[in-house]
Amino acid sequence: MDVDWTFKPYNWLKEAKIFNKRMEVVPVSWFLENVDILILLFTSKGVDRDGVIAKFYVTYENFKFANLPVEVVYVPMDETAEEMAASYRSQANWFTLQFDDPLVHTLKYMYEVTCMPHLLVLKLDGTVVSSHGTFDLEEYGKNAVLTWLSTCATSNLHRRLSKEGAIYGDSWSYMNVDPTRDAKSEYQRKFQDETVEG
């Protein structure tokens with residue numbers, strides 16, 4: 001009898017409870033059908049390094065407009081549930097784990113996350129595409145995301161954002177990257193037709 005001694009990565013996605021902006025659980029099957037790469041964002045309220053996360057959101061928004069199969073899950077490193085909630089409210093239309101989810105600590109230690117913000121790029125089976133996504137973005141800009149995608153491309157037909165917008169929340173929230181803008185004013189940024197300069 002032949003034994004397969006190859007080790008497969010721990011597929012934590014199977015047991016994860018991932019939430020959208022309405023704090024509804026998104027079925028894992030939705031990710032399996034619509035996503036080629038999953039980016040885990042380890043950060044906490046107000047943490048960004050030289051605006052790399054704000055720049056990443058603009059890149060993410062452009063890729064969503066082009067219907068590329070990329071999604072982001074916020075892995076909260078906040079000290080309190082209130083800080084986590086405030087942090088997530090101010091983030092882009094990506095997904096989140098709950099503050100008290102034991103999976104948060106599992107992921108932090110499993111992937112050896114020691115600084116914030118930290119972007120970890122994964123295939124849906126848990127295989128690491130890039131353990132230094134933040135550095136990739138700082139060095140290569142939007143081309144980093146294209147490189148990540150090229151390693152994970154599938155032949156699946158992915159759903160259009162316009163048809164599946166409800167999965168993200170009630171409406172598409174735009175990140176307000178202008179800190180001088182009045183918080184009560186409506187943010188009118190639209191998808192850009194061209195990609196952002198790297």
Separation between OG1 (Thr43) and CE (Met77), nearest 0.5 Å, reads 9.0 Å
* Asked: Are any non-hydrogen side-chain atoms of Ile18 and Thr96 less than 4.5 angstrom apart?
  -> no
Tightest non-hydrogen contact, residues Glu138 and Val52, listed as CG-CG2, 3.7 Å
Point to revise | Heavy-atom side-chain contact between Tyr88 and Gln98 under 4.5 Å | key: no
Q.
Is there a path of hydrophobic side-chain contacts, each under 4.5 Å between heavy atoms of I/L/V/M/F/W/Y residues, joining Met110 to Val73?
A. yes
Exercise. Would you call the rings of Tyr60 and Tyr57 parallel, tilted or perpendicular, where under 30° means parallel and over 60° means perpendicular?
Worked result: tilted
d(Asn93 CG, Asn20 CG) to nearest 0.5 Å is 9.0 Å
Val121/Val128 under side-chain contact (heavy atoms from CB on, under 4.5 Å): CA gap, chis, key distance, verdict:
CA-CA 6 Å; Val121 185; Val128 175; over 6 Å; no
Fill in: Check: Thr147 side chain, Asn143 main-chain N or O, donor-acceptor pair, under 3.5 Å
yes
Are side-chain heavy atoms of Phe56 and Val72 found at a separation under 4.5 Å?
yes
For Glu83 and Glu79, the nearest pair of non-hydrogen atoms, with its separation, is OE1-N, 3.3 Å
Of all heavy-atom pairs linking Asp48 and Ala54, the shortest is OD2-N, 3.3 Å
Check: Any link between Phe135 and Leu146 through a network of hydrophobic side chains (Ile, Leu, Val, Met, Phe, Trp, Tyr) touching at under 4.5 Å?
Finding: no
- Item | Exercise: do Trp94 and Gln91 side chains pair donor with acceptor under 3.5 Å | yes
- Can you find a pair of side-chain heavy atoms, one from Leu38 and one from Leu13, that are under 4.5 Å apart? yes
Cation over ring, Lys108 on Phe42, under 6.0 Å and within 45°? no
- [ ] For the residue pair Val129 and Leu122, establish whether any side-chain heavy-atom pair is separated by less than 4.5 Å.
- [x] no
CG (Asp78) and CD (Glu82) are apart, to the nearest 0.5 Å, by 10.5 Å
Beyond-backbone contact of Leu41 with Val75, side-chain heavy atoms, under 4.5 angstrom:
no
On a heavy-atom basis, the closest approach of Asp101 and Lys17 is OD2-O, 4.1 Å
Closest non-hydrogen contact found for Ser44 with Ser87 is C-OG, 3.9 Å
- Message: Tell me whether Thr134 contacts the main-chain N or O of Leu119 through its side chain, where contact means a donor paired with an acceptor under 3.5 Å.
- Response: yes
Minimal heavy-atom distance between Leu124 and Phe31, with the atoms involved, is CD1-O, 3.2 Å
Q: Side-chain contact test, heavy atoms from C-beta onward, threshold under 4.5 Å: evaluate it for Val113 versus Leu120 and give yes or no.
A: no
Between Trp148 and Asp36, does any side-chain donor sit less than 3.5 Å from a side-chain acceptor?
-> no
dist Lys45:NZ -> Thr80:OG1 (nearest 0.5 Å) comes out at 9.5 Å
So, Trp30 versus Phe95, ring centres under 6.0 angstrom or not? yes
Do you reckon Phe63 sits in the same ILVMFWY cluster as Ile53, going by side-chain contacts under 4.5 Å, direct or chained? yes
Value for CD (Glu71) from CD1 (Ile37), rounded to nearest 0.5 Å, stands at 10.0 Å
To the nearest 0.5 Å, atom CG of Leu103 lies from atom CH2 of Trp12 at 6.0 Å
- Report yes if some heavy atom in the side chain of Tyr111 is under 4.5 Å from a heavy atom in the side chain of Ser131; otherwise report no. no
task: Evaluate the criterion side-chain contact (heavy atoms from CB on, under 4.5 Å) for residue pair Val70 and Val35; output intermediate values, then yes/no.
output: CA-CA 6 Å; Val70 177; Val35 180; over 6 Å; no
